[in-house]
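Just below is one structure, and these are the notes that go with it.
Here, residue 1 is the first one in the sequence, and each next residue gets the next number. When a ligand or atom number is given, it counts from 1 through the structure's own listing order.
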Amino acid sequence: MTIDLPIDSADAGLDRDCTTLSRHVFQQLQSFSPDAQDLSAIMNRIALAGKLVARRMSRAGLMEGVLGFTGEVNVQGETVKKMDVYANDVFISVFKQSGLVCRLASEEMEDPYYIPENCPIGRYTLLYDPIDGSSNTDTNLSLGSIFAIRQQQGEDKDHKATDLLTAGRGQIAAGYILYGPSTMLVYTIGNGVHSFTLDPSLGEFILTEENMQIPNHGSVYSVNEGNFWQWDESIREYIRYVHKTEGYTARYSGAMVSDIHRVLIQGGVFLYPGTLQKPEGKLRLLYESAPLAYIIEQAGGRATTGHIDILDVVPTKLHERTPLIIGSKQDVAKVESFIQNGY
Ligand code: AHM
Ligand code: MG
C-alpha cells in the first residue's frame, strides 16, 4: 500500500534530507562568493575526517592494531593512543591538495603542521583535538573531535604561527563531531548553532536541528569529582551547594564533547576547574575550550574561566590551558558567584 503524502510535507522532508552540511554553509552565508565556497569546502573536508574516524571506531573491535596505546607520550605529557594518531593524521590527510588550509595545529603536535602546497592560497588554519575523551577509546564509549577555523593573519614566513595567539572571538567557524550511538556534527559560523547527523546509508551529514538554543538553566552538573580535594575552596563550596540543593544531578562521561552536547540540549553546566597542582586545569584553550565556548555562546549560553570569558582569553602559547566553566547562563553564573564572592 502506498501512502500519498500531501505534496508540501513530502517536499519538506526531501528538502531536509538534501540539506547537507556544505549546502547549509551556503544557506547560512547567503552567498556563493569565494569565501563562502572556501568555508563550505572546509566544512566538507572536516565532515570527511569525521566519517573516516567514525568508520574506524565502529569497527575497532574487529580490527588488529586499532585500540590501545602507542607507547609514546605527547607534547602534553599524556600517553598517546593509536586512535589519537590515526585521527590526527586523518585531519591532515583530508586537507592535503585542497588549497584550503595552510596550517593545522592539534593537541597531538608540538608545532603546527604546514601543508606547503596549500599555503600560497590557503589562508585558513585548522585547530583541532582529533580525539576528545581518549580514555573512552578502548571501552567503546562516546568520543569526540573538536575543531576551529581561523583566518591566517600575516605571512608567517618563520613558521612561528604567532598570529594564532589571539582571542577566540576571532574564530570564523568552530564545532565538534560526537561519535555516539550516531555520529553528529555541530557547528557555528557565527550565525547560530546547527547540528547534523551522519546518515550511514547516504554517507552524508544531514541537517538535524537549526539554531539550537541552550536552556537558561538545567539540572546537570558535569565535573570529575575525583578531583574534589585538589580544587580551590570556592569550587568545593559550589559542589557542597549542589549536593545539598534539590534538583541537581551529576553526569560525567570522560569526554567533554559528549557532556557538553548534553548540556547544550538539556541545560546545566560542565566544569573543569584548575587544581592545586595544575591551576590552569587540563583543557587546552585553542582547540578545546575556545571552539566549544563559541558554540555555547552562539546557542545563548556562556563559557568562562571563572574570571574572564573564554572567548576573551589571549593565550601566550599554542597549548595553553585554561579552567573551563561552560553551559547555561544561570548555571555558569552560579559557579562564577562562588568563585568571585564565595557563595
Ligand atoms: P583528551 O583530549 O586528552 O581526551 O582530554 C580531554 C578530556 C575531556 O574530554 C574530559 O572531560 C576530560 O579530559 C577528562 O579528564 P579527567 O579524566 O581528568 O576527568
Ligand atoms: Mg582533548
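- Judged by the 6.0 Å distance and 45° axis criteria, K334 is not positioned over the aromatic ring of Y238.
- Of the polar atoms of F270, none of the N or O atoms is found under 3.5 Å from an N or O of ligand 1, judged by distance alone.
- The atoms of ligand 1 that sit less than 4.0 Å from any heavy atom of A255 are 9 (O).
- Annotation: N227 places no N or O atom under 3.5 Å from an N or O atom of ligand 1; distance criterion only.
- With ligand atoms numbered from 1 in the order given, ligand 1 contributes 1 (P), 2 (O), 4 (O), 9 (O) to contacts under 4.0 Å with heavy atoms of G133.
- Nearest-heavy-atom check against atom 6 (C) of ligand 1 across D84, I260, D132 picks out D132.
- For the ring pair (Phe, Tyr, Trp, His ring centres under 6.0 Å) with Y128, the lone residue among F95, Y113, Y176, F91 that qualifies is F91.
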- Message: Using ring-ring contact (aromatic ring centres under 6.0 Å, His included), reason through Y248 and H243 one step at a time and then give a plain yes or no.
- Response: CA-CA 8 Å; Y248 285 98; H243 285 177; 9.8 Å; no

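- Contacts between R284 and ligand 1, counted as non-hydrogen atom pairs separated by less than 4.0 Å, involve the side chain only.
- Between Y272 and ligand 1, at least one pair of N/O atoms sits closer than 3.5 Å.
- Of all atoms in ligand 1, listed by their number and element, those nearer than 4.0 Å to a heavy atom of E288 are 2 (O), 6 (C).
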- Working for salt bridge (charged side-chain N to carboxylate O under 4.0 Å, His left out), residues K82 and D138: CA-CA 10 Å; K82 290 175 189 163; D138 296 341; over 6 Å; no

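- Residue pairs meeting the disulfide bond (SG atoms under 2.5 Å apart) criterion with at least one partner in residues 244-323, sequence neighbours excluded, do not occur; the list is empty.
- Taking a 4.0 Å cut-off on heavy atoms, I131 registers as neighbouring ligand 1.
- Those atoms of ligand 1 with a heavy atom of E107 less than 4.0 angstrom away are 1 (P), 2 (O), 3 (O).
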- Query: Does the pair D156 and Y114 meet the rule for a side chain to side chain donor-acceptor pair (under 3.5 Å), with working shown?
  - Reply: CA-CA 11 Å; D156 190 19; Y114 288 76; 2.4 Å; yes

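- Between the side chains of Y187 and S195, no donor-acceptor pair is found at a separation under 3.5 Å.
- Within the structure, the closest approach of S135 to ligand 1 does not fall below 4.0 Å when heavy atoms are considered.
- The shortest N or O to N or O distance between V257 and ligand 1 is not below 3.5 Å.
- Looking at R169 and D312, a side-chain N of the basic residue comes within less than 4.0 Å of a carboxylate O on the acidic one, giving a salt bridge.
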